[in-house]
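One is the number of the first residue; the rest follow in order along the sequence. When reading the values below, keep in mind they use all heavy atoms of this one structure, side chains included, and skip hydrogens, waters and symmetry mates.
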Amino acid sequence: MQASLWSRPGVLITLGVCAVLAACASPPDRPVPTPEPSPFVALPDRTGGQPSRPALPEVSAAPPRTWLEVDGSWRGRVILPDAGTSACSHQQVSVQRWFEATTSNFAEFDAGGGDPGREFTLAATVDLEPRPSAGTDPQPRHAVVGTFVDSSGAQVQFHSTYDLDLEVRDEGRQVVFALTATGSGVDIDPAPLTVRGVITCAAVTES
């Protein structure tokens, strides 16, 4: 397959034009995804179907960070600031791990806090033992919920459903996740989006 591709000059010319114009992969009004931090923004076209779940994040060993990335009807990638907080706990009674992170107390305000487009809160629950489920074999019931503030100040809420991929790493000090969800909120029509993120803690609280 590779040999036939390289032997066709027309293919190479097309690829070269795409690289120069940067217009072959994305519609004109839809910004190109970037791994660099960028504010959460609502995209102009939010009428598409449900996107595919993205791959789990690759996390650098140094420095470990907490961040949230969304795409689809909204787009952006925000790293937890130094003023933000994260917490990881091992709940021995419920046999679960809990992970939480928040950039600020923006939830107390109707239109975000002091930095719209760069605020979020996250919570993940990880079952450590399978649990009974009606009509099926016992299975873990992991969950991720969150809220982010887009650049207009709107608070967008999401939660995981069946399409969730999640891993606990670093002896319970980190969770990584990827999911598809529906974003919604006050005066916001529900719209599809994908979510990836990492919650990292310095230590784990046992309770």
Side-chain angles (χ1 to χ4, degrees), residues 21-59 65-87 98-125 143-166 175-200:
L21 298 180
C24 296
S26 302
D29 295 329
R30 197 174 180 86
V32 177
T34 172
E36 298 299 321
S38 60
F40 300 123
V41 296
L43 298 185
D45 180 12
R46 288 190 275 171
T47 59
Q50 185 68 51
S52 300
R53 187 184 69 205
L56 280 175
E58 292 293 334
V59 181
R65 301 295 295 271
T66 294
W67 52 266
L68 173 66
E69 178 182 87
V70 299
D71 198 2
S73 301
W74 290 265
R75 179 168 291 161
R77 185 177 189 272
V78 173
I79 296 174
L80 189 75
D82 293 338
T85 60
S86 62
W98 295 355
F99 302 84
E100 298 176 304
T102 185
T103 58
S104 61
N105 63 343
F106 68 86
E108 299 178 8
F109 304 91
D110 292 336
D115 199 8
R118 293 180 173 84
E119 297 170 301
F120 67 82
T121 181
L122 287 170
T125 304
V144 174
V145 298
T147 302
F148 63 90
V149 182
D150 70 16
S151 57
S152 73
Q155 297 189 28
V156 183
Q157 302 171 351
F158 65 86
H159 63 86
S160 61
T161 54
Y162 61 90
D163 196 14
L164 167 66
D165 194 6
L166 178 151
V175 64
V176 299
F177 54 85
L179 60 133
T180 60
T182 298
S184 62
V186 177
D187 296 327
I188 298 175
D189 292 332
L193 75 159
T194 64
V195 179
R196 299 199 313 160
V198 182
I199 300 175
T200 305

Under 3.5 Å donor-acceptor, [X] side chain and [Y] backbone:
| X | Y | answer |
| --- | --- | --- |
| S160 | V144 | yes |
| S73 | P192 | yes |
| T103 | F120 | yes |
| T66 | T200 | yes |

Residues forming a side chain to side chain contact (heavy atoms under 4.5 Å, CB included) with [X], sequence neighbours excluded:
| X | value |
| --- | --- |
| P54 | A178, T194, R196 |
| T161 | H159 |
| A123 | E100, V145 |

Can you tell me how far [atom2] of [Y] sits from [atom1] of [X], rounded to the nearest 0.5 angstrom?
| X | Y | atom1 | atom2 | value |
| --- | --- | --- | --- | --- |
| I79 | E69 | CD1 | CD | 10.5 Å |
| T102 | L122 | OG1 | CG | 8.5 Å |
| L80 | L68 | CG | CG | 10.5 Å |
| W74 | F158 | CH2 | CZ | 11.0 Å |
| T182 | D189 | OG1 | CG | 12.0 Å |

Can you give me the closest heavy-atom contact between [X] and [Y], atom names plus distance?
| X | Y | answer |
| --- | --- | --- |
| P116 | G114 | CD-C, 3.6 Å |
| V195 | F177 | CG1-CE1, 4.0 Å |
| G72 | L43 | O-CD1, 3.2 Å |
| G183 | L193 | N-CD2, 3.0 Å |
| A42 | D150 | CB-OD2, 4.0 Å |

Go through it in stages, so that I can follow the logic: the residues are E119 and S104, the test is side chain to side chain donor-acceptor pair (under 3.5 Å), and I'd like the CA-CA distance, side-chain angles, deciding distance and then a yes or no. CA-CA 7 Å; E119 297 170 301; S104 61; 3.2 Å; yes

F40 vs F148 aromatic rings, parallel, tilted or perpendicular, using cut-offs 30° and 60°? tilted

Less than 4.5 Å apart, side chain to side chain, heavy atoms only: is that true for D163 and L179? no

Should P57 and W67 count as side-chain neighbours, where that means a heavy-atom distance under 4.5 Å? yes

